[in-house]
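In what follows, a structure is listed as structure tokens, so that the remarks can point back to it.
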Protein chains: 2
Amino acid sequence: MAKTIGVSRATVSRVINKVPTVDPVLRQTVERAIEATGYVPNQAARSLVTRRTDSVALVISEPEHRHFDDPFFGRVFTDPFFGRMVSGAMSVLRPLGIQLVLMLAENADARAKLMTYLRQGHVDGVIIDSTHLDDPLPQQIVELGLPIVLCGRPAKPYPISYVDVDHQSGARLAADHLVARGCQEVGTISGPLDMSAAQDRLTGFRAGMAQHGHAYIPCVEGNFTVESGERAMEQLLDEHPRLDGVFAANDLMAQGALTVLAARGRRVPQDVAVIGFDDSSAAVSSRPPLTTVRQPLEDMAAAMARNLMNHVEDAELRVSSHIFEPTLVIRESA
Amino acid sequence: MAKTIGVSRATVSRVINKVPTVDPVLRQTVERAIEATGYVPNQAARSLVTRRTDSVALVISEPEHRHFDDPFFGRVFTDPFFGRMVSGAMSVLRPLGIQLVLMLAENADARAKLMTYLRQGHVDGVIIDSTHLDDPLPQQIVELGLPIVLCGRPAKPYPISYVDVDHQSGARLAADHLVARGCQEVGTISGPLDMSAAQDRLTGFRAGMAQHGHAYIPCVEGNFTVESGERAMEQLLDEHPRLDGVFAANDLMAQGALTVLAARGRRVPQDVAVIGFDDSSAAVSSRPPLTTVRQPLEDMAAAMARNLMNHVEDAELRVSSHIFEPTLVIRESA
DNA sequence: TTGTATGCGTTATCAG
DNA sequence: CTGATAACGCATACAA
């Protein structure tokens, strides 16, 4: 404690916390002393009394069954989706001096550990990306009284703040583009249908195609991985050899579809047009580059962070949500 | 505090911290009470006295000048490299109940904030990936007295624990494979030569080729991005039209090279063989899939985490390092 | 405007 | 083996 100069620690505390009622001269002196001694307040002691930790958790809650071969970890962290989330959240959190703690909850055990961690008061709030419908985690966290913002609309409506993209409208964009191209027989590769986002994209796409007079749209369910995209594309092609357009519910699956189409000698987009969803980095690295529905993930994550911090500042704040509008990014695949 | 039952808080503390000297019967009672009330110790109060936070920082220290177009954030978090690091570190940290705090240091301002954060005692140690030679951060952190493990050999040798891969030997693997294929005129795309890893890969590759009698190996410097790989490949091709083999210092640049080769009508690997470095997800999603030097990043990150925790447990521990041996993963590009 | 005193929830020391 | 009691380092209500 920099009390080598004749001031009380209370004054030092006031200076550090920028309390206005401090004599400018004294403040100067203290600031100089702080500078000289390199003093920084101990975080543990501080948060013991302020009840704030200045850090929030970003939790990815995903059931492990969506993955087969390699360990769960590798998948989620390598997914471009993850990186964009972190990026967007950090852009608003960092200027505020708030730190981001990364957490995973892929099974019951991890969930239990996570809840304990949260109960310990390690973070001021949580941003959560929960991908399956019946995930108990978000509910548990609100019951805990911890501020929380969800990524994506909750399965069953209940009072929780969230931000999402309009999946249906995005899928419609894809449908419109495919018809405008003149596609006659189109199919779709959906995501796992226990996820509301996957459901919405499928619904939206079918609705969009229906508007243009295409009543029946064959669909094969994938699980958002490249491999599942390949398998789905094969099945689609086997059952509908004359297919000339495909909408995949994410870029990774679209990329898988591209591989299969190339292997079968179909030119993209001349023979078969392909549209993805997300506008992830996979979209630009695919050959050909993917036409895809862009989800403004960074903006969404930033909105989540902002919303969360509002709730942290004011515990009484009512829940609110923010729906972003997707856009179609036209590249070469359609 | 679960003192509704007639025990002192000291005893509760003992039970929670699994101190052996506690009457089994009493322990039962306490455990039951804990269970019933859902009590969890407050982390801030605990670490105020234990001086441990049970969390470590993963910091990515990268100069921003390596990136042009889009914000720095997006790049680093979307890079497969990052995901694999997180993944490996988490695999050892999580079972220990240690949390991972993500931090970025791309400029002086961010570095200052970072140092303040560390000084506040928010974490027990740091795993740092510092990509440029003259980064002051690692040094500053050791001076702070905080346990630290570096990813990659430090520029100038000084006492700090690190784990690395043998870049030279990896590059030699690539050289051997290229000549075994019968390549006559090969070039290389290096990483930014202010990074020791990039230097080592270039040195190792040239040494390997020299052993097979290839004295001169043309090199164009890239910056580890897809775009830079494209530009470098174009230049290489312009200056050496008869090139039939290329070693790129990472997969992303190799991917860029692939694009250019395809655009110029060169078949891979028949006309030009291409080898990358990393074995990132980009390697398998490229067309054709990349033959590449695999860096066991997950294992390396796990080793870093273990090493770090050793230093956290025992502050007197001497620094130590661990060099991993890379392997060649043969796919279709060479 | 500034200093004093108290409490935040644990763990650790030391008697008992 | 267990219970008081003293730190831990800060913020803050209250007094001056």
Side-chain angles (χ1 to χ4, degrees), chain A residues 1-34 37-55 97 99 116-124 144-146 312-313 315, chain B residues 1-34 37-55 97 99 116-124 144-146 312-313 315:
Chain A
M1 171 56 66
K3 204 172 23 180
T4 42
I5 46 182
V7 337
S8 76
R9 51 173 170 235
T11 304
V12 176
S13 176
R14 290 191 187 99
V15 170
I16 287 189
N17 294 305
K18 305 198 192 309
V19 176
T21 70
V22 159
D23 185 284
V25 183
L26 222 186
R27 150 163 293 141
Q28 271 272 328
T29 319
V30 175
E31 280 172 345
R32 202 159 296 156
I34 290 177
T37 62
Y39 167 80
V40 287
N42 175 296
Q43 180 59 32
R46 166 178 278 181
S47 61
L48 182 56
V49 33
T50 61
R51 315 240 126 227
R52 286 205 33 180
T53 64
D54 289 335
S55 54
Q99 293 303 325
T116 301
Y117 181 79
L118 295 182
R119 243 190 301 265
Q120 289 187 113
H122 232 309
V123 296
D124 298 334
L144 215 160
L146 210 54
V312 170
E313 302 297 348
Chain B
M1 169 57 69
K3 203 172 26 180
T4 40
I5 46 181
V7 336
S8 76
R9 51 180 175 227
T11 304
V12 176
S13 176
R14 289 191 187 99
V15 170
I16 286 188
N17 294 305
K18 305 199 192 307
V19 177
T21 70
V22 149
D23 184 285
V25 183
L26 223 188
R27 151 163 292 141
Q28 270 273 329
T29 318
V30 175
E31 280 172 344
R32 202 158 297 157
I34 289 176
T37 63
Y39 167 80
V40 288
N42 175 296
Q43 181 58 32
R46 165 178 278 177
S47 60
L48 182 55
V49 35
T50 61
R51 318 232 121 235
R52 285 204 37 179
T53 64
D54 288 336
S55 54
Q99 293 303 325
T116 300
Y117 181 79
L118 295 182
R119 243 192 301 268
Q120 290 188 118
H122 231 310
V123 296
D124 297 334
L144 214 159
L146 210 54
V312 170
E313 301 297 347

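Each chain gets a letter, A, B and so on, in the order the sequences are listed, and its residues count up from 1.
In this view, B:Val49 satisfies the side chain to side chain contact (heavy atoms under 4.5 Å, CB included) rule with no residue, not counting sequence neighbours. Taking A:Arg32 as the reference, A:Gln28 meet the side-chain hydrogen bond (donor to acceptor under 3.5 Å, both in side chains) condition, with sequence neighbours excluded. For B:Asp124, the side-chain hydrogen bond (donor to acceptor under 3.5 Å, both in side chains) partners two or more places apart in sequence, or in a different chain, are B:Thr53. Partners of A:Glu313 under the salt bridge (Lys or Arg N to Asp or Glu O under 4.0 Å) rule, at least two apart in sequence or in another chain, are A:Arg52. Residues satisfying the side-chain hydrogen bond (donor to acceptor under 3.5 Å, both in side chains) test with A:Thr11, not counting sequence neighbours, are A:Ser8.
Residue contacts for B:Val40: at a heavy-atom cut-off of 4.0 Å it reaches the sugar-phosphate backbone alone, with no base atom in range.
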For residues 16-26 of chain B, tabulate all N or O donor-acceptor pairs below 3.5 Å that involve a side-chain atom, not counting sequence neighbours.
unit_1, atom_1, unit_2, atom_2, d
B:Asn17, OD1, B:Arg46, NH2, 3.4
B:Asn17, ND2, B:Ser13, O, 3.0
B:Asn17, ND2, B:Ser13, OG, 3.4
B:Asp23, OD1, B:Val25, N, 2.7
B:Asp23, OD1, B:Leu26, N, 3.3

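Taking atom CD1 of B:Ile16 as the reference point, atom C1' of C:dT11 lies 11 Å away to the nearest angstrom. For the pair A:Arg9 CZ and D:dG9 P, the computed distance is 10 Å after rounding to whole Å. With rounding to whole Å, A:Asn17 atom CG is found 15 Å from D:dA13 atom C1'. With rounding to whole Å, A:His122 atom NE2 is found 16 Å from C:dG9 atom P. In this structure, B:Arg119 atom CZ and D:dG9 atom P are separated by 17 Å, rounded to whole Å.
Taking five base pairs at each end of the helix from C:dT1-D:dA16 to C:dG16-D:dC1, the local helix axes there meet at an angle of 40°, rounded to 10°.
Nearest nucleotide to the A:Arg14 side chain, out of C:dT1, C:dG3, D:dT2: C:dG3. The listed nucleotides are C:dG3, C:dT2, C:dT13; the one nearest the side chain of A:Leu26 is C:dT2. In this structure, the nucleotide among D:dT2, D:dG3, C:dT2 sitting nearest to the side chain of B:Ala10 is D:dG3.
Of all heavy-atom pairs between B:Ala44 and A:Ser47, the closest is CB-OG, 3.4 Å. Closest non-hydrogen pair, A:His122 versus A:Ser55, comes out as O-OG, 3.5 Å.
Proximity of A:Thr11 to the phosphate of C:dG3: a side-chain N or O atom is located under 4.0 Å from OP1 or OP2.
Contacts between residues 42-54 of chain B and DNA chain D, defined by a heavy-atom separation under 4.0 Å, are made by B:Leu48, B:Val49, B:Arg51.
Taking 4.5 Å as the limit, some side-chain heavy atom of B:Leu144 sits within range of a side-chain heavy atom of B:Arg119.
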